[in-house]
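Here's the structure, in structure tokens; my notes come after.
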Amino acid sequence: MKKISPVSRSGRFTHGPGADVARFTESVSFDWRLWRHDILGSLAHAAMLRKIGVLYRAEHGAIARGLKAIARDIEQGRFKWRPELEDVHMNIEAELTKRVPAGAKLHTARSRNDQVALDVRLWLRDEIVLLLGDIAGLQRALVSLGEKNADVLIPGYTHLQRAQPVYLAHHLLAYVEMLERDCERLWDCYSRVNICPLGSGAIAGSTLPLDRVLVAKLLGFVDISGKPQLTQNSMDAVSDRDFAVEFCAAGALLAVHLSRLAEDTILWASAEFNFIKIADAYTTGSSLMPQKKNPDIAELARGKTGRVFGNLMSLLTLLKGLPMTYNRDLQEDKERLFDTADTVRASTRLMAAMLQNIKINRAACAAAASDPALLATDLADYLVKKGMPFRRAHHVVGAVVALAEKTGKPLNKLSFAELQAVDKTFGRDALGVFNLKTAMAKRNLTGAPGTKEVAKQLARWRKQLS
Ligand code: ARG
């Protein structure tokens, strides 16, 4: 049986690669998923070759029809990928040329070096848009949960110790803010992904009069004002993977945020907190302990953060020692990039689905939030309003807390006489600060968890996300 060897070896080589070499060097087992974008790029390249007279009208028509037929075959699972043809680019080109003789002209003034840079950019552009949609979905799930439980208060924590009361919605909106920054970073990354490298050739462009602007326009490489975006240095264009690093870095930070949200969810679902109950469909059981319901989605979202960090580190390491320009090392970028995109997208979607399926245990939240110690700072503010320097007020309230502890009373159950014994500044109205409702009404600075402010923030996000 005659072995098929890659077109890149014809002419100069007498043999195809050995089987183990082929296995080691192939990338089609993973880069096949670039097929759609590879074909889009080839269609634009062919249209441009037609315009500059490299392809006759009939040849262009045949190539375009051939590429579309191949796309249909791939879509329907009828396409046979051949590892001996190395990668997605050569698989598609070889099949095209088999079907359409003019296919042999398609690679004119193109190298796989600028082709793969193009394909990855096209693919990543779509992934970023999809990921942004997933993030918006998670933001909406957080806002909805906050709205449905707009009156629920919980303790806010620092050092995982109860600190001050906050609305649950305020806590959830903190994640909405983090996710919004992730979106901003991804959009910023998008602007540098959205630059067309085709026409850079292997390293040094081409002697043929390519119309790079046409290709860029056909493929939507334009800025918001419609100006075509072209890479400006052919050497940089074929070896640049900064855009992939940027995406993996933005993905890593998104993963951090998902992981922190996961951690809060896991804590809240524990018997110790008992703030939430996750619906059965979004938990799993234990193979041994019949009573268990585990928050596995959140745990996996937290756990998968490790691989997303690893992908970023792999890419940076991959690039650091490369001499100019394209080196085959760059083939190793794809699995890392694919894995980051797949992982953060799945985690984002699953966390959103889980949040849509949790119930807030209002009684447990109310019990935790009514701990009067959470309002110790309000008592200090009370003294400040009476003219006491804050440092002194802090000290006085510390003494009040110590007294409450000693007498075994909750802070808000100390008598007027007991407060007076600590400091004469306390009036009969001092214990009024422990009314949670009025305490929450008072925190209306921008960004604070006051009743009006949180309602305002919920409304702002609802509008922004709709
Ligand atoms: N599969 C290769 C990659 O992903 C395509 C470019 C190969 N170019 C070359 N000259 N060998 O990087």
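Both counts, for ligands and for their atoms, begin at 1 and track the order of listing.
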Put together the list of close N/O pairs, under 3.5 Å, between ligand 1 and the protein, could you?
from     : atom 1 : to     : atom 2 : distance (Å)
ligand 1 : 1 (N)  : Ser27  : OG     : 3.3
ligand 1 : 1 (N)  : Asp87  : OD2    : 3.1
ligand 1 : 1 (N)  : Gln331 : OE1    : 2.9
ligand 1 : 4 (O)  : Lys334 : NZ     : 2.6
ligand 1 : 8 (N)  : Asn113 : OD1    : 3.0
ligand 1 : 10 (N) : Asn113 : OD1    : 3.2
ligand 1 : 12 (O) : Tyr326 : OH     : 2.4

For Tyr326 and Ser111, test the side chains for any donor-to-acceptor distance below 3.5 angstrom and give the result as yes or no. no
Answer yes or no: are there more than 12 heavy-atom neighbours, outside Glu332 itself, under 6.0 Å from its atom CD? no
Which residues satisfy the salt bridge (Lys or Arg N to Asp or Glu O under 4.0 Å) test with Lys359, sequence neighbours excluded? none
Are any non-hydrogen side-chain atoms of Leu319 and Leu330 less than 4.5 angstrom apart? yes
Tyr190 meets the side chain to side chain donor-acceptor pair (under 3.5 Å) criterion, sequence neighbours left out, with none
Can you run down the side chain to side chain donor-acceptor pair (under 3.5 Å) pairs that involve residues 295-305, sequence neighbours left out, and say none if there aren't any? Glu263-Arg302, Thr284-Asp296
